[in-house]
Amino acid sequence: MHSFKDFEFHPLIQESIDAMGFQKPTPVQSEAIPLIMQGKDLIACAQTGTGKTAAFLLPVLQKIVKNNDFEGTKLLVIVPTRELAMQIDQHLQGFSYFIPVSSVAVYGGGDGDTWEQQKSAIAAGVNMIIATPGRLISLISLEYLRAENLDTLVLDEADRMLDMGFYDDIIKIIKTLPIERQTLMFSATMPPKIRLLAKKILSDPAEITISLAKPAEGVLQGAYLVYDEQKQALIMDLLHDKPDLKSILVFSATKKNVKALYRQLKDDGFTCGAIHSDLAQSERVAVLNDFKNRKFQILVATDIVSRGIDIDSIDIVINYDVPADAEDYVHRVGRTARAKQTGVALTFINQKEVRSFRSIERLIGNEIHKLPLPSHIGKGPEYTERPAFRPGKKKKKKGKNPAKKR
Ligand code: ADP
Ligand code: MG
């Protein structure tokens, strides 16, 4: 597809696409939109930042406008996090700017007013609901959801939802929906559990795979081998070295590190913000918005913001530790170079993380360049996995690191 015009969207939709500044569909949009318009069920696997949101929102809007049917709830999008629910709702408001559809983002953790607004919108038969599973289940058990007009169900970031333990909730929700419906599933990765879920809830689906689990082209990736004691000196060195970078995102596995780094950066005179699980939802949103609006240069975060959240043109992502899940690495690196810009992703690897980093390199099918440490920081560890407990009987370790509070 060379142009959005080829889809022959309703003029009011095309107008909003133009207003958003989209000129050419992305690959996942080119493939998914015609299939969705044909009414097919779909499973689409594409990395973060490839434009999946528009790939499902545009054809659903087209269906509503074409049928001129604005009666009741037509679309339900289930997403893993509140941040993502809000973000999709914002995209939706952009695409439906010239169309009288109503929508609501439904998620937990807000105040009483938010809850009342969500309840009344849903009871009134709002056209489009974007919801996290937990909160939606509450609304369903209170019998607020009226799904009889629903004709499209979308599961976004399905892999993430299963990782977060939402399988049972998803199944429970789907049982309350009409059987006659179109179901679309989006996922950044395609592990076996996603295939099983797809088999269960999709009917004769079309399948699209766009460059499985590879960071977007245009991201320069590099890594430093460092001892933990060297990390702080290294990050300060990297940041002081690059004064013209406007947006820097630093991820760490623990909120303890996030808080410590934030304090250090503040003390050194950087403008920065931090996001971790101790913050209330409203505080997280405020920090994220300030970062998007370039009110400060550096955001330090645990991985609660690593997936799905749409922040444009981050110049550099620094992984202060190797992400425990190889897939998380791909998601994080996906924060840069969104929609074909260029970006840089740097990862700090300590001795214990060599093994995890190798599995990332296997997943993306590439060896990531190991950069030399600045000389004043000293020598880092080698890129070798530590010898197994009994050499000669080396057992391949399976399973993930124990879950941490993020
Ligand atoms: P994904 O869900 O695949 O991670 P998003 O749908 O959030 O990706 O889109 C990523 C970014 O790319 C967003 O800022 C979005 O506005 C932008 N985008 C999506 N499609 C296009 C397009 N066809 N042209 C230009 N920008 C686009
Ligand atoms: Mg998305």
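None of these values were measured; they are calculated from a predicted model. The analysis underlying the following values was restricted to heavy atoms, covering all of them including side chains, and did not include hydrogens, waters or symmetry mates.
Side chain of S3 to main chain of K5: a donor-acceptor pair is present (N/O by atom type, distance under 3.5 Å, no hydrogens or angles). Without hydrogens or angle criteria, E157 side chain to F186 main chain gives no donor-acceptor distance under 3.5 Å. Side chain of D169 to main chain of P133: no donor-acceptor pair is present (N/O by atom type, distance under 3.5 Å, no hydrogens or angles). With hydrogens and angles disregarded, a donor-acceptor distance shorter than 3.5 Å links the side chain of Q29 to the backbone of T26. Checked by atom type and distance alone, the side chain of N350 pairs as donor or acceptor with a backbone atom of K352 at under 3.5 Å. Between the side chain of T73 and the main chain of V126, a donor-acceptor pair closer than 3.5 Å is present. At distances below 3.5 Å, at least one donor-acceptor pair connects side-chain atoms of R146 with backbone N or O atoms of A123. Side-chain N or O atoms of S187 include none that pairs as donor or acceptor with a backbone N or O of M190 at under 3.5 Å. Listed for the K74 side chain is no donor-acceptor partner under 3.5 Å among the backbone atoms of G72. At least one donor-acceptor pair closer than 3.5 Å links the side chain of T271 to the backbone N or O of Q297.
The shortest distance between side-chain heavy atoms of D69 and I64 does not fall below 4.5 Å. At a threshold of 4.5 Å between non-hydrogen side-chain atoms, the residues V354 and I349 count as touching. L346 has its side chain within reach of L371: a pair of non-hydrogen atoms, C-beta onward, lies under 4.5 Å apart. Between V106 and T132, every side-chain heavy-atom pair lies at or beyond the 4.5 Å cut-off. Between I235 and L265 the shortest side-chain heavy-atom distance does not fall below 4.5 Å. The shortest distance between side-chain heavy atoms of I377 and P374 falls below 4.5 Å. For the pair L197/L162, a side-chain contact is recorded, criterion being any heavy-atom separation below 4.5 Å from C-beta on. Residues V344 and V317 have side chains not in contact (no heavy-atom distance under 4.5 Å, counting atoms from C-beta outward).
Of all non-hydrogen atoms in E8 and Q62, the two that sit nearest each other are O-NE2, 3.8 Å. Closest heavy-atom contact between S141 and S138: OG-O, 3.0 Å. Of all heavy-atom pairs spanning L279 and I275, the tightest one is CD1-CA, 4.0 Å. Summarising the geometry of A32 relative to A55, their closest heavy-atom pair is CB-CB, 4.2 Å, with the distance given to 0.1 Å. Closest approach of A188 and C45 over heavy atoms only: O-SG, 3.6 Å. L373 approaches G380 most closely through the heavy-atom pair CD1-N, 3.5 Å.
With respect to the salt-bridge test (charged N to carboxylate O, under 4.0 angstrom), the residues K24 and D6 do not qualify. Between K193 and D159 there is no salt bridge, since no side-chain nitrogen of the basic residue lies less than 4.0 Å from a carboxylate oxygen of the acidic one. Taking 4.0 Å as the cut-off between side-chain N and carboxylate O, R195 and E207 count as a salt-bridged pair. Salt bridge status for K40 with E31: absent, with no side-chain N to carboxylate O gap under 4.0 Å.
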Verdict with reasoning, R181 to T183, per side-chain hydrogen bond (donor to acceptor under 3.5 Å, both in side chains): CA-CA 6 Å; R181 56 156 205 271; T183 305; 2.7 Å; yes
Residues I13, L58; criterion side-chain contact (heavy atoms from CB on, under 4.5 Å); working and verdict: CA-CA 8 Å; I13 297 177; L58 291 172; 3.8 Å; yes
Audit row: V154, M185, side-chain contact (heavy atoms from CB on, under 4.5 Å) steps and yes/no: CA-CA 6 Å; V154 175; M185 213 166 120; over 6 Å; no
Trace of the salt bridge (Lys or Arg N to Asp or Glu O under 4.0 Å) decision for E83 with K292: CA-CA 13 Å; E83 283 87 358; K292 282 188 202 181; over 6 Å; no
side-chain hydrogen bond (donor to acceptor under 3.5 Å, both in side chains) between Q221 and Y329, worked out: CA-CA 11 Å; Q221 300 173 71; Y329 175 86; 2.7 Å; yes
L35 vs Q38, side-chain contact (heavy atoms from CB on, under 4.5 Å): CA-CA, chis, key distance, verdict: CA-CA 5 Å; L35 291 165; Q38 285 164 31; 4.2 Å; yes
Audit row: I201, I171, side-chain contact (heavy atoms from CB on, under 4.5 Å) steps and yes/no: CA-CA 8 Å; I201 65 168; I171 297 299; 4.3 Å; yes
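Rounded to the nearest 0.5 angstrom, L202 CG and K200 NZ are separated by 12.5 Å. Note that NE2 of H91 is 9.5 Å distant from CZ of F56, once rounded to the nearest 0.5 Å.
Enclosure of atom NZ in K63 by more than 12 non-hydrogen atoms of other residues, nucleotides or ligands within 6.0 angstrom is indicated. For F70, the CZ atom is densely surrounded, since the number of other residues' heavy atoms within 6.0 Å is greater than 12. Annotation for Q93: atom CD counts as buried by contact number, over 12 foreign heavy atoms lying within 6.0 Å. Dense packing is recorded around CD of E148, with more than 12 heavy atoms of other residues, nucleotides or ligands lying under 6.0 Å away. Counted within 6.0 Å of NZ on K266, heavy atoms from surrounding residues, nucleotides or ligands total more than 12; the atom is thus considered enclosed.
Of the residues L75, D89, I78, L76, the one that meets the side-chain contact (heavy atoms from CB on, under 4.5 Å) test with I130 is D89. Q182 pairs in a side-chain contact (heavy atoms from CB on, under 4.5 Å) with only one of the listed residues (L153, D151, I36), which is I36.
When the salt bridge (charged side-chain N to carboxylate O under 4.0 Å, His left out) test is applied to D228, the partners found at least two apart in sequence or on another chain are K231. K295 is linked by a salt bridge (charged side-chain N to carboxylate O under 4.0 Å, His left out) to D290, counting only residues two or more places apart in sequence or in another chain. Residues satisfying the ring pair (Phe, Tyr, Trp, His ring centres under 6.0 Å) criterion with F9, sequence neighbours excluded, are F7. Legend: residues meeting side-chain contact (heavy atoms from CB on, under 4.5 Å) with K259, ordered by chain and number and at least two apart, are R263, H276, D278.
Listed by first and then second residue, the side chain to side chain donor-acceptor pair (under 3.5 Å) pairs that reach into residues 107-130 are S102-N127, D111-T114, E116-K119, Q118-R135, sequence neighbours excluded. Screening residues 122-164 for ring-ring contact (aromatic ring centres under 6.0 Å, His included), with sequence neighbours left out, gives no hits.
In this structure, R160 is not positioned above the aromatic face of F166 in the sense of NZ or CZ being under 6.0 Å from the six-membered ring centre and within 45° of the axis.
Between F296 and F291, the ring planes lie parallel to each other; the angle is under 30°, not in the 30° to 60° tilted range. Ring pair Y224/F348 is perpendicular by interplanar angle, where above 60° counts as perpendicular and below 30° as parallel.
No hydrogens or angles considered: nothing links the side chains of S356 and R358 as a donor-acceptor pair under 3.5 Å. For the residue pair R294/S247, the side-chain donor-acceptor check at 3.5 Å is satisfied.
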